[in-house]
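Everything on this sheet refers to the single structure shown next.
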Amino acid sequence: SFIEGYCIENNINVNTNYDIADGVLKAYTGSETNLTIPSNLCITTIGTEAFYNCKWLKTVSIGVDTCGNNDGVIGESAFEGCERLHNVPLGEGIAEIGYKAFFGCYDIVKYIHIPDSVTTIAQGAFGNCRIIELKLGKGVSSIDVIPIPFYNNPYRYVVDSQNPFFSNDEYTALFNKDKTTLIHYPSFNENKKYTIPATVTSIGEEAFRTSALTSVLIPEEVTAIGD
């Protein structure tokens with residue numbers, strides 16, 4: 001309608017289930033199980049704790065950054081505690097996934113593909129989830145893999161071959177592009193022994209903290225090991 005169009009154009013929220021200001025979805029107060037948020041709301045950011053503890057929520061379809069800037073953000077703890085959430089509402093407009101954004105989403109899909117538009121994944125973004133594989137798109141340039149205390153990062157890493165910053169080996173461990181730094185070994189991997197590639201010269205902070213390994217062979221080329 002003309003009124004609805006006017007309100008959207010002038011950033012006036014016409015839906016009482018959404019608290020939106022300046023492109024930021026600050027809170028959702030509805031109770032739908034399968035939610036579709038209209039793309040014409042021009043949301044660029046899912047704000048901090050916008051869907052926090054929405055335990056009834058199963059699916060979300062959302063047009064984040066429909067304004068075409070490719071700088072959309074899933075904010076800190078945006079979907080934390082959404083225990084029944086199954087899908088991951090990541091579109092090509094998302095650039096950043098915040099701290100604990102999907103923490104504790106137990107029913108989330110087991111295989112997550114990060115879109116090429118995403119550049120940053122913060123600590124614990126998928127912490128305490130039961131996912132198996134995290135596939136990084138070619139745009140990811142920063143990822144904090146250090147687990148939230150008392151919670152594992154159980155997933156394996158698969159990196160797009162065109163990503164210029166990261167890579168993985170046959171054991172799905174995460175490295176920098178040229179495999180000189182071992183960033184994180186996934187605890188999901190059931191192997192008990194692991195030989196670090198000879199290209200590695202440094203091992204990142206808490207790289208093996210959540211692994212089930214009983215033996216690690218470190219090449220003599222390694223000159224730095226993180227805490």
- Item | Distance-only donor-acceptor check, side chains Thr33 and Lys58, under 3.5 Å | no
- Task: Taking Asp160 for its side chain and Lys135 for its backbone only, find out whether a donor-acceptor pair lies under 3.5 Å.
- Result: no
- Query: Does any non-hydrogen side-chain atom of Ile121 lie less than 4.5 Å from one of Leu136?
  - Reply: yes
- Check against side chain to side chain contact (heavy atoms under 4.5 Å, CB included), Leu85 and Trp56: CA-CA 8 Å; Leu85 182 66; Trp56 61 88; over 6 Å; no
- Taking atom NZ of Lys100 and atom OG1 of Thr48, what is their separation to the nearest 0.5 Å? 12.0 Å
- Leu134 and Tyr111: side chain to side chain contact (heavy atoms under 4.5 Å, CB included), yes or no, with the steps? CA-CA 6 Å; Leu134 187 67; Tyr111 299 84; over 6 Å; no
- Item | Side-chain touch Val222/Ile203, heavy atoms, less than 4.5 angstrom | yes
- Message: Could you check whether any side-chain N or O of Thr201 sits under 3.5 Å from a backbone N or O of Glu221, counting only pairs where one atom can act as donor and the other as acceptor?
- Response: no
- Message: Within the structure provided, determine whether Leu217 and Tyr194 are in side-chain contact (heavy-atom separation under 4.5 Å).
- Response: no
- Distance-only, no hydrogens or angles: does the Asn176 side chain make a donor-acceptor pair with backbone N or O of Thr181 under 3.5 Å? yes
- Query: Taking all non-hydrogen atoms of both residues, which atom of Pro197 and which atom of Pro219 are closest, and how far apart?
  - Reply: O-CG, 3.5 Å
- Any donor-acceptor pair under 3.5 Å linking the side chain of Asn168 with the backbone of Ala173? no
- Message: Hydrophobic clustering (ILVMFWY, side-chain heavy atoms < 4.5 Å, transitive) - are Phe126 and Val158 grouped together?
- Response: no
- Query: Would Val216 end up clustered with Val200 when hydrophobic side chains under 4.5 Å apart are linked, directly or stepwise?
  - Reply: yes
- Quick one: list whatever passes ring pair (Phe, Tyr, Trp, His ring centres under 6.0 Å) with Phe165, sequence neighbours left out. none
- Query: Do the side chain of Asp116 and the main chain of Lys138 share a donor and acceptor less than 3.5 angstrom apart?
  - Reply: yes
- Message: We want to know whether Asn34 and Thr59 form a side-chain donor-acceptor pair, criterion being a heavy-atom distance below 3.5 angstrom.
- Response: yes
- Item | Cluster check Val109, Ile114: I/L/V/M/F/W/Y, side chain < 4.5 angstrom | yes
- Query: Would you say His86's side chain and Asp107's backbone share a donor-acceptor pair under 3.5 angstrom?
  - Reply: yes
- Decide side chain to side chain contact (heavy atoms under 4.5 Å, CB included) for Leu25 and Asp19; before the verdict, give the C-alpha distance in whole Å, the side-chain angles of both, and the deciding distance to 0.1 Å. CA-CA 6 Å; Leu25 175 56; Asp19 181 1; 5.7 Å; no
- Message: What I'd like to find out is whether the side chain of Ile43 reaches to under 4.5 Å of the side chain of Val24, using heavy atoms alone.
- Response: no
- Query: Are Glu133 and Lys110 side-chain neighbours, meaning at least one heavy-atom pair lies under 4.5 Å?
  - Reply: no
- Message: Is any side-chain heavy atom of Val88 closer than 4.5 Å to one of Ile108?
- Response: yes
- Item | Residues Tyr157 and Asp169: side-chain donor-acceptor under 3.5 angstrom | no
- Message: What's the separation between atom CG in Asn128 and atom CD in Glu80, rounded to the nearest 0.5 Å?
- Response: 9.0 Å
- Query: Can Leu174 and Ile143 be said to form a side chain to side chain contact (heavy atoms under 4.5 Å, CB included), step by step?
  - Reply: CA-CA 10 Å; Leu174 183 66; Ile143 178 171; 4.1 Å; yes
- Message: Restricting to non-hydrogen atoms, name the atom on Gly98 and the atom on Ala122 that form the minimum distance, rounded to 0.1 Å.
- Response: C-CB, 3.5 Å
- Item | Any Val118 side-chain heavy atom under 4.5 Å of Ile97 side chain | yes
- Query: Hey, what do you get for CD (Glu96) to CD1 (Ile94), rounding to the nearest 0.5 Å?
  - Reply: 10.0 Å
- Task: Pick out which of Phe102, Tyr52, Tyr106, Phe103 makes a ring-ring contact (aromatic ring centres under 6.0 Å, His included) with Phe79.
- Result: Phe102
- Query: Can the ring centres of Tyr185 and Tyr171 be said to be less than 6.0 Å apart?
  - Reply: no
- Do Ser167 and Lys179 come close enough that some side-chain heavy atom pair is under 4.5 Å? yes
- Query: Backbone N or O of Leu213 within a donor-acceptor pair of the Lys193 side chain at under 3.5 Å?
  - Reply: no
- Task: Look at the side chain of Thr36 and the backbone N and O of Ser61, then say whether any donor-acceptor pair between them is shorter than 3.5 Å.
- Result: no
- Point-to-point distance, once rounded to the nearest 0.5 Å, from NZ of Lys55 to SG of Cys82: 8.5 Å
- Note on the structure: One should read off an interatomic distance between Thr120 OG1 and Ile74 CD1, to the nearest 0.5 angstrom, of 13.0 Å
- Item | Donor-acceptor contact present, side-chain Thr199 to main-chain Thr180, <3.5 Å | no
- Message: To the closest 0.5 Å, what do you measure between CD (Gln123) and CG (Asp144)?
- Response: 4.5 Å
